[in-house]
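What's counted below: heavy atoms across the whole structure, side chains too, no hydrogens, waters or symmetry copies. Read the numbers this way: they start at 1 and go in the same order the structure lists the ligands and their atoms.
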Amino acid sequence: MKMVDVILKKKDGQALTPEEIRLFARGAADASIPDYQLAALLMAICWRGMNAQETACLTMEMMHSGSVIDLSAIDGVCVDKHSTGGVGDTTTLVLVPLAAACGAKVAKISGRGLGHTGGTLDKLESIPGCGVEMTQERFIRQVQEIGCAVIGQTQDLCPADKALYALRDVTGTVDCVPLIASSIVSKKLASGAGAIVLDVKTGSGALMRTLEESIELAKAMVDIGTQAGKPILALVTGMDQPLGTHVGNALEVKEAIDILSGRAGGDLLAVSMELGSRMLIAAGLARDTKEGKARMQAALESGAGLEKLREMITAQGGDGRVCDDVGLLPQAAHRIAVPAPRSGYIAQMDTTQIGYVAQGLGAGRKEKDDVIDPAVGLVMNVRIGDSVEKGQPLATLHVNNPAMAGEAAARMQQTIRIADEKPVLPPLVYAAVSPQGVEGEEGRQA
Ligand code: URA
Ligand code: CA
């Protein structure tokens, strides 16, 4: 079998056989196929697509391209949550401790910031001393002992995805449903998850901007997980504005601690409750979302969630005292308000641009080896639907280099549209996708 024939076949719009898909995935993992041929096939897949069988086959080949973690030593179902990525999306740091405090076992492999989106590993590393690397043995022991661990991907997990993702990033082939679905689900399967809850973002800060594409992605992932025999479901949630108010690494840790301490709430907590209640159902700890949310709420109000976060941070080498005193987190030297250029209602935001503003201030990487500044970022002072007076702050920039603030403030002003009319508020949960089908959920009314 020649790789060029596989490329030609996909270019013509034909479905690939399992053998052809194996050649592609193994060739990516062991570098036996040159990057230019891998890239050509990736582009052909973007144009011609893959059917459900091809996508499932690619997922399994990528999963088995490296080692698969065995979590069977942990008592109970290990339940995992994965977000397709967003801005101010700190659900992991809120719901993992809450779900673990309710008795769930969460063995989570997280990622770093990518493009305009933040990454949980970078957020955890902003906590003094906190590490995100450990042996598989210690990972399993921590989950068994305290109920949760959040670490980075080991070298030998899904090497085919590692190679293909790096190529996709630089060849314009990221936003393709079968490629995203196989990339995400292969990593979840390889990390040993017993049940999977997916958070597929939709809107101006999401990988998939339209609801139709987001539902298609959710369906593709649920379909693959089901074929692999895993309980799996997806919520399609709004990324029409940053989910939390804080964007930046230490800032997002602070917001998670504020929420777990009962000092903050809002959409970040609401989406965390929606996802967390589904994790409890998947783990057999709640019968329905009502019971799941009630248990999560009880863990929030008793402070058990905050205690669990402290245990996890301490177990990973970090200073657990940040849970009592967020002042121990890195802080930027300057806070600079971004004034509203006119009066009116907050109508719309380009959330991807807000993510890039935070990245530009140093909260994310522009190049792979950039060093991030854990302290910097921004805090949103408004949400869609709020009314503002000219000059009132839209957001507050947290910067160490005040020379960067002027351009960042101007970009924030361009990114947030202010209108005369009060807009309809975007829903928080757009749809729930399970093996049984798609259920729409009610949006919030303005
Ligand atoms: N996240 C992933 O892990 N893979 C993708 O393809 C997109 C987002
Ligand atoms: Ca992520």
Taking atom NZ of K230 as the centre, report whether more than 12 heavy atoms of other residues, nucleotides or ligands fall under 6.0 Å from it. yes
Tell me, please, which residues at least two apart from V77 pass side-chain contact (heavy atoms from CB on, under 4.5 Å). A195
With sequence neighbours excluded, what pairs up with K108 under the salt bridge (charged side-chain N to carboxylate O under 4.0 Å, His left out) test? D80
According to salt bridge (charged side-chain N to carboxylate O under 4.0 Å, His left out), who are the partners of K9, at least two apart in sequence or on a separate chain? E20
Among I127, L306, L93, which residue meets the side-chain contact (heavy atoms from CB on, under 4.5 Å) test with I257? L306
N or O contacts of ligand 1 with protein under 3.5 Å, please list pair by pair.
residue	atom	partner	partner atom	Å
ligand 1	3 (O)	K187	NZ	2.5
ligand 1	4 (N)	S183	OG	2.6
ligand 1	6 (O)	R168	NH1	2.9
ligand 1	6 (O)	R168	NH2	2.9
ligand 1	6 (O)	S183	OG	3.4

With the side chain counted from C-beta on, respond yes when L268 and M273 share a heavy-atom pair under 4.5 Å apart, and no when they do not. no
